[in-house]
Amino acid sequence: MSAPPARPAVHPPSRPAATPPDATGAGEERRLRRAFGSFPTGVTVVTVGGDVPRGMTANSFTSVSLDPPLVLVCVAEEARMRSSLAAAPVFAVSVLGADQEHVARHFADRSRPPGAGQFDAVDWFPGPVTGAPVLAGAAAHFECRAWRTYDGGDHILHVGRVLAWEENPDRDALLFHRGRLGRLGGSGRSPEAVA
């Protein structure tokens, strides 16, 4: 019987550990936001249909599970979309293509028209399963049924069960990194700024 392999030595950090941010300090909050922004994400538009359809640009989106198929989107407590999403039994998520920066900016603009009017500036179609607006030209889209919500501090975490999806494998996705929109310059290369 052989001895178990030696565990690698654990070395203390070369500098003192960072102190937790002071939630009341605006400067620390900005620094934390910048640190969070060092992680590149995709850019999506989350939509609900019904009598008062609504869309919102979101980069806090992720897959959660394959079985059951689940996705998660985070919505700020003060966002107008919060109440729309909370009341909707279904929603859609369109993963924006690299050439859809104008769509991301449109749905991030708080002065866009309310209701159905906000979709006049973009190409879209009703999702075949949920009827929620799906954006044409997206790299992928997911139609979801609301599954669970969780408190996430100053955000609400919405988990949806994927009912239908479509991907466009020939489309690169739009990226968000360090406060800027960008795209991959090619497979495996660094993001190139488009903003």
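Just so you know, these numbers use all the heavy atoms, side chains as well, and skip hydrogens, waters and symmetry mates. All values derive from a computational prediction rather than experimental measurement.
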Is there a side chain to side chain contact (heavy atoms under 4.5 Å, CB included) between E77 and H155 once you walk through the steps? CA-CA 5 Å; E77 281 277 355; H155 281 65; 6.0 Å; no
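- Side-chain contact check for V46 versus F107: every heavy-atom pair is 4.5 Å or farther apart.
- Under the side-chain contact (heavy atoms from CB on, under 4.5 Å) test applied with V162, the options V71, L70, V64, L66 reduce to a single match, V71.
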Working note: M56 + Q118, criterion side chain to side chain contact (heavy atoms under 4.5 Å, CB included); need CA distance, chi angles, decisive distance, verdict. CA-CA 10 Å; M56 177 193 85; Q118 67 191 281; over 6 Å; no
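- Among all heavy-atom pairs drawn from G182 and L174, the shortest one is O-CD1, 3.4 Å.
- Taken from CG in L181 to NE2 in H102, the straight-line distance is 12.0 Å, to the nearest 0.5 Å.
- In the hydrophobic clustering of ILVMFWY residues, with side-chain heavy atoms under 4.5 Å counting as a link, L85 and F61 come out together.
- When the side chains of ILVMFWY residues are joined at heavy-atom separations under 4.5 Å, either directly or via intervening members, V48 and L163 end up in two distinct hydrophobic clusters.
- Distance check, rounded to the nearest 0.5 Å: CZ of F176 to OG1 of T57 gives 10.5 Å.
- S94 places a side-chain N or O within donor-acceptor distance of the main-chain N or O of L135, the cut-off being under 3.5 Å.
- Note on M81: it clusters hydrophobically with V95, by side-chain heavy-atom contacts below 4.5 Å among ILVMFWY residues.
- Taking the six-membered ring for Trp and thresholds of 30 and 60 degrees, F125 and H141 have ring planes more than 60 degrees apart, a perpendicular arrangement.
- In this structure, the side chain of E143 engages the main chain of T130 through a donor-acceptor pair within 3.5 Å.
- Linking Ile, Leu, Val, Met, Phe, Trp and Tyr residues whenever their side-chain heavy atoms come within less than 4.5 Å leaves L157 and V93 in two separate clusters.
- Across all their heavy atoms, A146 and A88 have their closest contact at CB-O, 3.8 Å.
- Minimum heavy-atom separation, R80 to R110: NH1-O, 2.9 Å.
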List the steps, then state whether side chain to side chain contact (heavy atoms under 4.5 Å, CB included) holds for L175 with V43. CA-CA 6 Å; L175 301 178; V43 182; 5.8 Å; no
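- A79 approaches V75 most closely through the heavy-atom pair CB-CG1, 3.8 Å.
- Panel note: side chain S60, backbone C74; no donor-acceptor pair is recorded below 3.5 Å.
- Counting heavy atoms from C-beta on, the side chains of L96 and V45 come closer than 4.5 Å.
- Across all their heavy atoms, F119 and G55 have their closest contact at CZ-N, 3.8 Å.
- At distances below 3.5 Å, not a single donor-acceptor pair connects side-chain atoms of T47 with backbone N or O atoms of A132.
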Using side chain to side chain contact (heavy atoms under 4.5 Å, CB included), reason through W124 and V134 one step at a time and then give a plain yes or no. CA-CA 5 Å; W124 67 279; V134 172; over 6 Å; no
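- Shortest non-hydrogen contact noted between H158 and I156 is NE2-CG2, 3.4 Å.
- With hydrogens and angles disregarded, a donor-acceptor distance shorter than 3.5 Å links the side chain of R183 to the backbone of A98.
- To the nearest 0.5 angstrom, D123 atom CG is 9.0 Å from Q100 atom CD.
- Comment: D99 engages R171 in a salt bridge, judged by a side-chain N to carboxylate O separation of less than 4.0 angstrom.
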